[in-house]
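Please read all numbers here as calculations on a predicted model, not as lab measurements. Any value given below was found using the heavy atoms of this structure, including those in side chains, with hydrogens, waters and symmetry copies removed.
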Amino acid sequence: MWRHRTRALDGARWRGYGPRDVIDLSAYSPALILATSEPTASAIVMVAFGAILVFSVVFGRPLDRLGIPVVLLFLLLGILAGSEGLGGIPFDDHGLAYRLGTLALALILFDGGLNTSLSVIRRASVPAGILATVGVALTAGLVALCARMIGLPWPESLLLGAVVSSTDAATVFAVLRGGRLRLKDRVGSTLELESGVNDPMAVLLTAMLVQAILASGGSGPVVWWRLAIDVPVQLLIGLAFGVMFGLAGRWFLARVRLGTVGLYPVVTLALALLAFGGATLCYGSGFLAVYAAGVVLGNGPLPYKSGLARVHDAIAWLSQIGMFGMLGLLVYPSSLASVWGEGLALGLFLAFVARPIAVAVCLGPLRMPAKEIGYIGWVGLRGAVPIVLATYPMLEGVPGSGRVFNIVFFIVVVNALVPGATVRLVTRKLGLDVPDKPVPEAVLEINARKSLDSELLAFHVDRSLAVCDAALSQIAFPRHAAVVLVVRGEQMIAPRGDTRLHDGDHVYVLCKSADRPFIELLFGRPIDDQGPSGGPRTPDPG
Amino acid sequence: MNLLDILSPSCIRAPLVAADKRGVIDELVDVLAAAGKVSDPGTLKQAVWTREQTRTTGIGHGLAIPHGKAAGMSALAMAIGKPANPLDFEAIDGQPVRLIVLLASPPERTSDHIQALARVSRLMTMEDFRQRIYSASGPEEILELIKSQES
């Protein structure tokens with residue numbers, strides 16, 4: 001779907017950096033020569049980048065507490081570093097931004113897939129599937145209509161609608177986690193899965209609109225019937241590729257024995273790239289493919305799974321920081337000023353009208369409770385996807401795409417701030433939250449090359465559980481299950497028959513997968529259950 | 001643990017009046033209260049609901065076993081309800097729930113409470129028994145089915 005026109009990419013255009021700008025070395029002082037010559041220049045870039053990363057990570061938490069999505073900080077840092085900010089880095093290479101952005105999104109989606117459990121898919125596939133297709137199209141249509149009504153021409157209006165039509169759940173979960181909240185099962189699963197699977201639709205809509213606009217010279221009618229055929233075809237091919245690469249990856253990883261543990265994440269990374277690229281080359285949706293491959297791999301037995309997952313979490317965070325920073329660099333604050341009115345209007349329209357209506361239309365027939373529908377409609381936060389998508393029409397030279405890019409920037413910021421800042425309040429008021437649980441002082445996990453037939457589950461004991469105050473010998477464990485460790489404050493307790501579980505303890509239970517429902521009946525929700533906002537989550541765009 | 005010791009015939013209701021998760025839990029607690037087994041239904045409702053928030057007790061295959069501990073009870077008690085229509089309980093397998101078994105216990109009877117939970121879930125792992133109890137037409141038939149296993 002992402003067929004670049006050949007003229008589009010002409011490499012990086014980093015003006016003001018690198019030795020090629022130093023024409024006559026003798027004209028400069030030795031100190032300056034040293035500063036702009038290669039080893040030093042690289043070192044300066046690294047120091048700057050390192051400082052930005054530390055700054056982002058350290059200031060992420062206070063922002064979390066305020067309910068401001070931390071990704072906005074990265075965006076702001078990018079703007080500050082940009083040509084009109086303190087950093088003065090002139091960067092306007094949309095081709096490079098688009099490529100890196102696509103790569104970052106693919107890696108983030110892959111990580112999202114790895115962390116999506118089958119139970120989430122089982123619970124939420126119907127509502128999330130409808131939201132990710134019909135909902136996205138409806139949102140795009142409504143936004144386009146609004147844009148047309150406030151005076152933008154049709155091609156730009158349609159592009160705007162398509163570009164901003166997919167949601168980002170990572171911001172919602174980040175904000176909730178800052179407030180030590182987690183969402184109830186169904187609402188959380190729906191938001192999470194929707195965000196994972198709705199990017200492909202937005203990407204397809206955007207790509208096809210761009211092609212249609214270019215083909216018709218920017219004024220003719222968009223060929224709607226092609227959308228109706230191409231979208232399902234590309235989604236199906238993408239899904240097939242993703243599942244295929246996921247299964248192939250499982251098969252390969254189960255058999256291959258690599259020299260060092262560090263090479264396993266290299267294989268999974270390769271699988272992500274192959275799934276994305278392969279599907280795209282075969283006219284499928286790469287984004288759906290990479291997500292599906294992640295889901296298939298993540299729900300299977302993987303060698304050194306927890307370590308592997310952590311590597312991909314780190315890659316996803318780095319992608320998120322890097323992508324928003326880069327997008328910030330692309331933004332010229334001076335050119336934003338001319339579109340703030342349209343941007344603000346469309347941002348508010350999306351949050352208050354388009355998204356709620358689209359969600360109500362999609363979920364109404366499913367007989368979900370009204371407050372859950374209202375909530376999902378309210379927290380349709382936007383992330384990096386729209387900004388990356390907005391670079392695509394610019395790359396293709398679509399008339400008016402510069403204005404579209406600037407308006408999209410506003411829409412994303414408004415949608416991250418307005419629902420973002422109220423997410424916690426609304427969650428509590430509607431009673432859709434479940435208090436998040438404290439993290440144990442010591443974490444026990446199993447790392448093995450081969451898949452094993454049992455799982456290790458961690459639980460936090462509270463008064464509501466049947467096992468609270470019970471001695472271990474009183475607990476009717478299935479034949480192949482037992483408590484293997486109790487963590488009480490900073491104490492690690494070797495479990496004995498007469499060990500009593502106290503309110504506040506963390507307990508590790510080893511059990512067969514088949515016994516898990518019963519263990520959860522006694523012990524509640526496992527701590528790192530990959531349910532909504534459960535466990536150490538990472539960004540997923542969408 | 002014999003379930004007949006903690007289940008009175010009056011504590012089986014089929015069909016239930018309530019048609020949502022919270023309503024069903026409240027209704028079953030009220031059934032226990034009406035049978036004189038719970039002196040403070042409000043506290044028990046809250047305890048069961050709190051547990052439900054931690055993790056759904058809809059453990060799959062159409063069964064839910066909401067449970068809780070509350071003061072003001074002299075012994076373990078069990079209530080069984082069959083919803084008029086399969087009910088959304090946010091079960092772990094996403095399937096609607098066809099039978100709800102509510103277990104309530106005094107705070108100090110932890111061991112028995114766990115044994116009863118284990119007994120109910122083990123009974124219901126039997127595919128044949130499960131299907132029969134889901135298709136039971138009324139309280140008497142449900143009681144007979146349990147008697148057939150527990151006596």
Side-chain angles (χ1 to χ4, degrees), chain A residues 117-127 182 184-189 366-369 372 431-437 457 459-478 500-501 514-527 529 531 534, chain B residues 1 19-23 43-44 46-71 76 85 87-96 101 103-125:
Chain A
S117 70
L118 281 183
S119 67
V120 165
I121 292 178
R122 262 198 300 269
R123 254 197 307 264
S125 56
V126 173
R182 70 158 81 217
K184 277 190 177 174
D185 281 348
R186 181 172 48 204
V187 177
S189 301
L366 297 182
R367 291 194 297 174
M368 270 172 103
E372 294 186 11
L432 290 171
D433 60 312
V434 185
D436 209 356
K437 292 179 171 177
L457 302 171
F459 298 96
H460 177 250
V461 178
D462 66 52
R463 296 231 158 266
S464 75
L465 296 176
V467 295
C468 189
D469 297 327
L472 294 183
S473 59
Q474 295 173 330
I475 300 176
F477 280 107
R500 270 185 197 280
L501 296 179
D515 292 326
R516 185 166 168 167
F518 177 65
I519 296 295
E520 288 184 7
L521 184 67
L522 297 184
F523 287 87
R525 178 195 295 276
I527 289 175
D529 177 39
Chain B
M1 167 62 59
D20 66 5
K21 185 169 172 173
R22 182 132 202 188
T43 310
L44 180 60
Q46 193 50 48
V48 174
W49 190 246
T50 306
R51 166 63 188 87
E52 208 57 47
Q53 302 289 293
T54 310
R55 179 64 153 170
T56 176
T57 58
I59 57 172
H61 300 293
L63 174 69
I65 318 180
H67 54 275
K69 296 178 235 183
L76 250 67
N85 292 301
L87 175 87
D88 176 25
F89 218 79
E90 298 182 277
I92 55 172
D93 60 355
Q95 296 301 309
V101 180
L103 275 166
S105 110
E108 67 281 0
R109 297 284 297 277
T110 305
S111 179
D112 292 335
H113 187 44
I114 296 171
Q115 303 303 327
L117 284 170
R119 182 69 195 135
V120 173
S121 67
R122 201 166 310 142
L123 205 56
M124 295 294 287
T125 55

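Contacts between residues 110-118 of chain B and chain A, defined by a heavy-atom separation under 4.5 Å, are made by B:Thr110, B:Ser111, B:His113, B:Ile114, B:Gln115, B:Leu117, B:Ala118.
Listed options A:Ala466, A:Ser473, A:Pro478 were ranked by heavy-atom pairs under 4.5 angstrom with chain B; first place goes to A:Ala466.
Within a 6.0 Å radius of CZ in B:Arg22, more than 12 heavy atoms belonging to other residues, nucleotides or ligands are found.
Put simply, CZ on A:Phe523 and CZ on B:Arg55 are 14.5 Å apart, with the number rounded to the nearest 0.5 Å. Taken to the nearest 0.5 Å, the OG1 atom of B:Thr54 stands 5.0 Å off from the CG atom of A:Asp462. Going from atom CZ of A:Arg122 over to atom CD1 of B:Ile92 covers 8.0 Å, rounded to the nearest 0.5 Å.
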Intermediate values then yes/no, side chain to side chain contact (heavy atoms under 4.5 Å, CB included), B:Lys69 and A:Cys468: CA-CA 10 Å; B:Lys69 296 178 235 183; A:Cys468 189; 4.1 Å; yes

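Taking the side chain to side chain contact (heavy atoms under 4.5 Å, CB included) definition, one finds that A:Ala514 meets it with nothing, sequence neighbours left out. Legend: residues meeting side chain to side chain contact (heavy atoms under 4.5 Å, CB included) with B:Pro106, ordered by chain and number and at least two apart, are B:Met73, B:Leu76, B:Glu108, B:Arg109. For the side chain to side chain contact (heavy atoms under 4.5 Å, CB included) test, residues two or more places apart in sequence or in another chain that qualify with A:Pro369 are A:Arg186, A:Glu372.
Nearest heavy atoms, A:Ser464 versus B:Thr50: CB-CG2, 4.0 Å.
If you measure heavy-atom distances from B:Asp20 to chain A, you find no contacts under 4.5 Å at all.
Here the side chains of A:Leu521 and B:His67 are in contact, with some heavy-atom distance below 4.5 Å.
Tested against A:Pro517 for a side chain to side chain contact (heavy atoms under 4.5 Å, CB included), the candidates B:Leu63, B:Ile59, B:Thr57 yield a single pass: B:Ile59.
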